[in-house]
Every structure is written in C-alpha cells, then in structure tokens.
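Read through the structure below, which is laid out as structure tokens, and then see the notes.
Letters A, B, ... are given to chains in the order of the sequence lines, protein chains preceding strands, and every chain is numbered from 1. From a predicted model like this one, the values you see are computed outputs, not experimental measurements. Values below: every heavy atom of this structure, side chains too, minus hydrogens, waters and symmetry copies.
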Amino acid sequence: MDATLKPRDTRDVAEAVAWAAAEEQPLEIVGHGSKRGLGRPVQAAHVLDLSDLSGVVTYEPAELVLTVKAGTPLEAVEKLVAENNQELSFEPPNLTQLIGGRGASDENGAARTAGTVGGILAANLSGPRRLKAGAARDHILGMEAVSGRGEVFNSGGKVVKNVTGYDLPRALCGSYGTLAVATTVTLKVNPRPEACQSLVFSGLSDHDAVRLLCQAMGSSAEVSGAAHLPEGREGEGPGTLLRVEGFSTSVDYRIGQLESLLGEFGTPERLDDTDSQNLWQQVRDAKPVARDETPVWRISVAPTAGPEVLAALRNQFDLSAFYDWSGGLVWLSCLDGEIHDEEIRAAVAASEGGHATLMRADASVRSAVDVFQPQPAPLVALSRRLKQQFDPKAVLNPGRMVRGE
Amino acid sequence: MTAISMPAPDQEVIARRREILSALQAIVPGEGVVHDEREMRAYETDGLTAYRQLPLIVVLPETVEQVSRVLKYCHQNNVKVVPRGAGTSLSGGALPLEDGVLMSMMKFNRVLDIDYDNRAVVVQPGVTNLGITRAVEHEGFYYAPDPSSQIACSIGGNIAENSGGVHCLKYGLTTNNVLGLEMVLITGEVIRLGGKHLDSEGYDLLALMTGSEGLLGVVTEVTVRILQKPETARAVLIGFPTSEDGGRCVADVIAAGIIPGGMEMMDRPAIHAAEDFVNAGYPLDVEALLIVELDGPEREVDFLIDRVEAIGRANKATHCRVSQSEEERMTFWAGRKAAFPAVGRISPDYLCMDGTIPRRELPRVLARMRELSEKHGLRCANVFHAGDGNLHPLILYDANKPGELDAAEAFGADILRLCVEVGGVLTGEHGVGIEKRDLMTDMFSEEDLKQQQRVKCAFDDKHLLNPGKVFPVLHRCAELGKMHVHKGQLPFPDIPRF
C-alpha cells in the first residue's frame, strides 16, 4: 500500500502524520527530493510530499523578515529577495550536481531544483559566507510545524530578536525531518552587498594557505569567503581565495588592506564582481569534488586542524579535496571509490574535535556505514529521548540520521 | 505581596535539609556550601529585585566533577536545583526556591584557552562577558554580544538567557556567537556540544541550550567566537519632531542596505532623564532621538555616516550631529547607557520591560502605551534597540506606595500583550523567567507550550532544574508522553496521489 501523500495545507500534513502515527506507518518527508541522496536511506513505505506547500506568506523587506511555506523553491525565494536587494546571507548551496540524479528529477528526468526552503533548513546547509554571516540555522526566526504526534505547533516568532521560550526553530534545523515536519518558516533576510571582489593567491601549500586564511579572518577586513583549492580552479595548481563584500568604496579599501597584510604570501590576482560570483558559486556547490561518482565526505574541524586532517588522510589513500571556511571545512573525494570511513573518523578524532559526514555514496553504502558522526553514549541517549518526545512512533524519516531510529 | 506565585515548596524536602546539607558538604568541601541564613541573603534575588526568596542551601562547586556529583545527588533524591551565574537576570531567572539548592557557578572563573588563529576562546561559565573581551583586546579582538550588564554578567548566564545588546542587529545574539559548550545534565552526565569547529553533528542541542534559562542543564565550559575590532566607529545623533519620523528613518536606513553597528531610539521622557543625568548634549525639543553607530573601515564609516545623515534629513530631522572624536561618540552613548539609572533618579523604582515588535508598528505601540500610562496612572520612559524593534519601556513607580508595584506589573503585562497583539514577542533579550511566565499563554497556544515542555522532558523529566520559570503550567512528563491515537483511513483521500 505504498502511497505518496501530497498535502495542500498544514491541516493535511497534521492529518497525514496523525494517521501515520496511529497506523505506525513511517513516512519519508520530501520537498523536491533534491537531498534524498543525503543522509541514510529512509525506511518508509510512504512519502509525504510537501511540494504543494509553496508560496510566500509575508515578506517585509524593511523588517528583514520573510515568511514562506516550507515547500517553497529556494530559487524562487532567492529571486524574490534579490528583487528587493536582499539575500539569504547563509548562501544556501545547490548540491544538485553533487548528490542530484538520485531521486531529484522532474517528469523529464532533468535535475529539478536546488530544493526547497524546508529542505535546506532540515539539512542546515550553508555556503562560504557561513564564516561571517552564520549558518542556515542562524537565519531562522520562527516555524510552524507538525510533530510526529500529528500536533501542529508554532515556535519562535516573526521578529528579528526574540528569546521567548526554547529555540525550537533553530534546534529543528539540521534534524533532517526526524523530529517534526516544518510547514511554514520565518527567515531573517539581509541587505545584499553592493559589490564583491576576490583575491586569489597561487602556489601555496595547504599549511601556508590556511595560515593565510586564518590571518585574513583575524583581520578587520570582514572577509566573507576564505577557501583553498589545492588543485586550483582548472587544475592549474593551488589557489587560495579570499572574498570581500559590501559597499564598493569599502570593498576596494579592504581588498587593498588584505593585499598589504598578506604580502608575505605573494601577489594575488584580483577578481572582479562577476568572476568572484562565479568562483564562489563553485566553492559553495562543492564543484571541485562534484564530478564523477566517487564517495564524497564533508569534514568540519577547527580551521587550523584542516590541513593536519587532510595530510594524515593523504598518506592513506588517493583523494582530491578542497577547503572552505578558513580551512575548517574539508570537502574530500575518495578517488579509489572506497568509503574510508574508519580512516576519516580516526583523523577527525585525532583533531581537537569536529565531525565528518558522508555526503555522497550509493544507498547501500549509506545504509551500511555511519553517514553522520557517531556520538558519545550520553549524547546518543539524550538525542534519542528528544526523538521519542517529538516522534514516539518513529514515523518521521526513520533511519535518516541514526540506524533504526 | 506580588502577583507572580512560585510552586508550593515541598515540605518533605525542607524537612530533609540537614541530610541534604551533609550530603552536599561531602561533595563540595569547606566554604563551597553556604547554609547560614545571613550569608545566603546575598543570593535571595537577582536583577528582578521585587522578588526575593532564600534558597534551601547554596552550593558553589569548583570542578565539573563536583557539579556532576551534586546534580546526580539532587536527581536521585528529588531535590530541585536553581543554577545561577552573576545574578543579573532581569526576568527572575535565578530566583531561588525555598525547597531548592541554589548552584552558583561563579567559582568557574578562568579563561582556559585563547586561540587567535581559530578565533575562538574557551572559558569557564563564571567569566564575565566583558572579561572575555578584556582577555583578547590587546590583540585587537573582542566578543561581540554586549548586554548592558556586561561588566558583571557571566557568560554562563548569557548562554542561559541568549543575551543580546546594542550590537546584535549586526553581530547577532549569544546563540550566533557560541561555538561550543560542556554541560552537565541533571543526571550528572557530562556532555560536550560543538567546539572550535562549525555546525553540530546531530541534533542542534546547542541551539536548545542557548536561551533555555537554566531549565535544561548546567553549563561548565563555553567556547565563543571572537572578532577583530572594527577599524573605527562613529555615531550620529538625530532628533525628530515625532516618533513616526524616527521610525521611518530607521526603516529607510535598513532599506538603503545599511546595517548599523547600533541603532538606538529614545522617547522624550527618556531623553530628558538621560540629559539631566549625564549632559550628553541631547536636544530637548524633540520627540524621538536616534543614535546610529556605524563601524568598519574608516572610509566605509565616513561614506555611510553621510548617507544616514541624508536619510535623517529626508525624514524631517530637526537635529543632526555626527561625532567628531571617540570622546564625543562615547558621550552620545553615555546618555543612552545611563538611561536606566537616569530614570532611577526621577523615580524611586522602575520596571524594565523587554518586548519586540515589528518596527512598522512603533507609532501605534507608542500611542497605545501613552493610553496605558494614563489608565494605570504611572509614567513610562522608552528606550529601544530600534534596528530590531526591541523595546525597553521603563515603568516608573514607587514600591512604598501601596498598590503601585501591582499597577506597574499590570501596566507591564499590558505592554507585552500589546507587543504580541501587533505581531511581536514577549521578550527580545531578557528572557521569560518568572516575570513573563504567566504571559506565555498570550503568545503561545497550549499545543505550542506542550512541545516546548517536551524538550524539557527529554533533558529533565523530573522537573528538578529551575522549576517555576518560563512555563505557566508544568505538565508531568508522563502525562505529556501519552499519545491519543485515532486509527483510520489514509488521510485526505480526495486529493491526487502519484
């Protein structure tokens, strides 16, 4: 009796989840399906498709507040805010090339979209600007959602500053739809920078590159992107990238400031607005590791630990990688097609702390290994208690984050 | 005496006081356990001084192990625990319980690690907010959230309350600046969340902990993000004939793509009180005064100051002055920062409220506040974090006049209901505590609050940590856990499925 339920409104969602809980029939929660290949494969016979829960509820540019239904396409939202000279500052990535083609296609078989607002929040995915502007979770203000009990609830608010009650909207970000189904979300939007320029330094070792990035991040130049591509943009050799955004007079000044601050690393190439945008989009969407079908990991550690983790792994297997977030985010492709989860977990454990997520692998692999970072026992128990409170019958995306839960 | 009542103390626990005392003394030696009534007086209230209560016992642990053992003992023996930082909460978050142990974290006062490369500082929770900046400012760094109590308030308390400050429109609240925590659950289990790396590796429990008002766990270590200080900062003082003009100016600044480091507004009573107190040079013939601070590279700041000035003039500003020196900038702020004590000079007591509204509602809210002021027969002065719509109405009253505290509280409750009515919230940065606890039902439905309490049940199912705060009614976790199941057909069969 596999069914796809396509709710029209919040009430339908509540009804569907209540039914699922009563019948103990697990649901896979889907927007556009663009991130279906992310996380562990869900063990559910039925699909709850939220793509009809789409549209802007309210948008008040002067208040910096946007409320949309959770199934609204991300691209539509970005277009709307851009028309008002605003943006989602966390720079939501489009991972279609990396993980698309695994259920994320329309009737014509083409990769559909960058996904929905609900999806990007459920996975808490952020781009290069995360360093300066915060993550997806830092931009959520409020949420209407349906718990695994089929109960509709609101949390947070529709103003930019609010500490009333537990911060459930933020906590639900990154929960991959395993605690509640978001139906409406309120986001904080920001003015779109007037100008953007980048610097590209060439020929640096990973270690020196991350030293440069950390120095730039520790300056007052308000760097909004700090990445290192050991193989360069087109295989031309190492390129270390810095981005500065804002009012053009200020961007010029800060770019100059960085050039003199970082003189010891050589003379960088300057990229203008358009080239900058293109370059950072590549970084945002993990393009350097998106080609082919190799397993891809995303590792988050302290920036200075990035090169150490990667050096340890390079000794063990053939890989291609690049750094974002000042060196703290490592995107890694296992060129031999193996998963290497043990080596990667060990390298992360040897650093000061962090986590690794298997971003791309076949479903059979993703159900066999830990896709997310395994956690210590008390944390596992606490997360399980939270899951039981919100979804006692385990009907929301069972198995997506943790095997059997 | 006062309108907000705390849960009835458990006499059975009070009767066990001696036994509990010796158990705690076995865990925390020497002066780490305070039980003398006179010494415990120091802990009977926090920043919400209208409420006072002596705790059962005060304990000041020094190690994580002691925290863990105390909590475990309390959990096993059903003793309530109220965690406390510096005791500056304005919402009564650290108000003790007669039948509860008060756990002060102020002996956890060390800076553990300063890591400039990774822009992270690891501190113990009793370190003050300003103490973090002090530890790194010689290298040009600072910690961005700056609640006005920053000289005294602890970072652990900032986590509990998700504290803000005048700079949070641009730099975020505590939750946006915290990277990691070590904390102890009521069971005594120690867990670590986050660290110097970004984003959480499972459920974002860091998000839940930040702003949880001491109801979910006791923080024993904090990792925060530090930033390099902006190259310069300048402020402009803009006076308006009406609050509508001021409000429109704020909206126009934001619409111009400018996010100022700080954007504060004061109404006429607040301007006059502040000017009388510190002689900041505020104009006295305006209805609304805006302080807009721009920070960043000098060239950017100069450019933006000109734009803000022009926007002010376009909105009928009658007074406009740009700070010409660091000293003058500080003078502009001196008045705003002294607004509370300044109001304290013109009134024996005052209540500081903390609602947030959509900014467009400002004129309507101010007009309604004037009506409420007449209704309750009390004066009110207003300061706002104008950029984010966070209001701080100060209600002036005299606690020695019978009925005035009640009237002030009723006035405050009306203001907060008004905030919710216009689409805002009860608290922007001070927390719910006991102060706004009974108003939670004005903002949230029963169902909304149930979900919040489910979080509590996952962390502390016996309701031992800081009970009586935040939630107007405590549902037993067993009761909340029940599921009402209605079996039935596949839902909404009338619509297409693939």
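Using a 4.5 Å cut-off between heavy atoms, A:Leu213 does not touch chain B at all. Contacts of B:Lys436 with chain A are absent, with no heavy-atom separation under 4.5 Å from either backbone or side chain. Residue contact with chain A, scored on non-hydrogen atoms closer than 4.5 Å, involves the side chain of B:Met440 exclusively. Residue contact with chain A, scored on non-hydrogen atoms closer than 4.5 Å, involves the backbone of B:Leu480 exclusively. Proximity to chain B is limited to the side chain of A:Met401, based on heavy atoms less than 4.5 angstrom apart. With a 4.5 angstrom heavy-atom cutoff, B:Leu449 does not touch chain A via any of its atoms. Heavy atoms closer than 4.5 Å to chain B are found in both the backbone and the side chain of A:Arg149. For A:Ser351, no part lies near chain B; criterion is any non-hydrogen pair under 4.5 Å. For chain A, the nearby part of B:Ile357 is the backbone; its heavy atoms alone come within less than 4.5 Å. In this structure, the portion of B:Leu304 lying under 4.5 Å from any heavy atom of chain A is its side chain and not its backbone. Neither the backbone nor the side chain of A:Gln215 comes within contact range of chain B; no heavy atom of the residue lies under 4.5 Å from a heavy atom of that chain. Only the side chain of B:Phe444 comes within contact range of chain A, with heavy atoms under 4.5 Å apart. At a 4.5 Å heavy-atom cutoff, the contact between B:His385 and chain A is made by side-chain atoms alone. A:Lys188 touches chain B through its side chain: at least one heavy atom from C-beta onward sits under 4.5 Å away, while N, CA, C and O do not. With a 4.5 Å cut-off on non-hydrogen atoms, A:Glu194 touches chain B through its side chain but not through its backbone. Proximity to chain A (any heavy atom under 4.5 Å) is shown, for B:Ala120, by neither the backbone nor the side chain.
Of all non-hydrogen atoms in A:Phe247 and B:Arg307, the two that sit nearest each other are CE2-NH1, 3.6 Å. For A:Ser300 against B:Leu198, the heavy-atom pair with the smallest separation is OG-O, 2.8 Å. Minimum interatomic distance between A:Val163 and B:Glu213 (heavy atoms only, all atoms of both residues): O-OE2, 4.3 Å. Of all non-hydrogen atoms in B:Gly165 and A:Lys161, the two that sit nearest each other are O-NZ, 3.8 Å. Closest of all the heavy-atom pairs between A:Ser155 and B:Gln452 is CB-NE2, 4.1 Å. Considering every non-hydrogen atom in both B:Ala251 and A:Ala62, the closest pair reads CB-CB, 4.4 Å.
Among residues 180-189 of chain B, the residues having any heavy atom closer than 4.5 Å to a heavy atom of chain A are, in sequence order, B:Leu185, B:Glu189. Residues of residues 376-385 of chain A that come within less than 4.5 angstrom of chain B, heavy atom to heavy atom, are A:Pro378, A:Leu379, A:Leu382, A:Ser383, A:Arg385 in numerical order.
By the 4.5 Å heavy-atom criterion applied to side chains, B:Ile254 and A:Leu64 are counted as neighbours. Side-chain contact between B:Glu361 and A:Glu63 is absent, with no heavy atoms from C-beta onward closer than 4.5 Å. In this structure, B:Asn390 and A:Val159 have side chains that are not in contact, with every pair of non-hydrogen atoms separated by 4.5 Å or more. Using a 4.5 Å heavy-atom cutoff, the side chains of A:Ser147 and B:Gln451 are in contact. Under the 4.5 Å side-chain criterion, counting only non-hydrogen atoms from C-beta, B:His197 is not in contact with A:Trp325. Contact of the B:Gln228 side chain with the A:Glu222 side chain is not registered, since no non-hydrogen atoms from C-beta on lie closer than 4.5 Å.
Atom CZ of B:Arg360 is surrounded by more than 12 heavy atoms from other residues, nucleotides or ligands within 6.0 Å.
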Residues 134-143 of chain A, side-chain donor-acceptor partners within the protein, below 3.5 Å, at least two apart:
unit_1	atom_1	unit_2	atom_2	d
A:Arg137	NE	B:Asp204	OD2	2.8
A:Arg137	NH1	B:Thr175	O	3.2
A:Arg137	NH2	B:Asp204	OD1	3.4
A:Arg137	NH2	B:Asp204	OD2	3.3
A:Asp138	OD1	B:Asn176	ND2	2.8
A:Asp138	OD2	A:Ala135	N	2.7
A:His139	ND1	A:Ala135	O	2.9

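At distances below 3.5 Å, not a single donor-acceptor pair connects side-chain atoms of A:Asn154 with backbone N or O atoms of B:Asp448. B:Glu447 contributes no side-chain N or O that, together with a main-chain N or O of A:Val152, makes up a donor-acceptor pair within less than 3.5 Å. Listed for the B:Thr356 side chain is no donor-acceptor partner under 3.5 Å among the backbone atoms of A:Asn162. A donor-acceptor distance shorter than 3.5 angstrom exists from the side chain of A:Thr164 to the backbone of B:Thr427, with no hydrogens or angles considered.
In terms of heavy-atom pairs under 4.5 angstrom with chain A, the leader among B:Lys450, B:Arg225, B:Glu231 is B:Glu231. Note: A:Leu179 leads A:Val65, A:Asp252, A:Leu172, A:Leu179 in heavy-atom pairs under 4.5 Å with chain B. Between chain A and the residues B:Val432, B:Asp388, B:Leu426, the most heavy-atom pairs under 4.5 angstrom are made by B:Asp388. Heavy-atom pairs under 4.5 Å with chain A were tallied for B:Arg192, B:Lys196, B:Arg454; the largest tally goes to B:Arg454. For chain A, the option among B:Leu206, B:Ile259, B:Val250 with the highest count of heavy-atom pairs below 4.5 Å is B:Ile259. Here B:Ser212 is the residue among B:Ser212, B:Gly195, B:Gly172, B:Gly211 with the most heavy-atom pairs under 4.5 Å with chain A. With chain A as the partner, the residue from B:Gly431, B:Gly481, B:Gly355 showing the most heavy-atom pairs under 4.5 Å is B:Gly481.
To the nearest 0.5 angstrom, B:Arg119 atom CZ is 6.5 Å from A:Ser326 atom OG. Of the inter-residue distances, the one linking A:Gln373 atom CD with B:Ser200 atom OG reads 11.5 Å to the nearest 0.5 angstrom. To the nearest 0.5 Å, atoms OG1 (A:Thr249) and CG (B:Asp302) are separated by 9.0 Å. The line from CG of B:Asp115 to CD of A:Glu352 is 6.5 Å long, rounded to the nearest 0.5 Å.
By the 4.0 Å N-to-carboxylate-O rule, B:Asp199 lies close enough to A:Arg130 to be salt-bridged with it. Under a 4.0 Å N-O distance rule, the pair A:Glu60/B:Arg359 does not qualify as a salt bridge.
The closest side-chain donor-acceptor pair between A:Gln375 and B:Tyr203, if any, does not fall under 3.5 angstrom. A donor atom on one side chain and an acceptor atom on the other are found under 3.5 Å apart for A:Ser250 and B:Glu300.
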| task | Verify side-chain hydrogen bond (donor to acceptor under 3.5 Å, both in side chains) between A:Thr304 and B:Asp117, making sure each step is shown before the conclusion. | result | CA-CA 7 Å; A:Thr304 52; B:Asp117 285 337; 5.8 Å; no
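For A:Phe153, there are no ring-ring contact (aromatic ring centres under 6.0 Å, His included) partners, not counting sequence neighbours.
A centroid separation of 6.0 Å or more is found between the aromatic rings of B:Phe459 and A:Tyr166.
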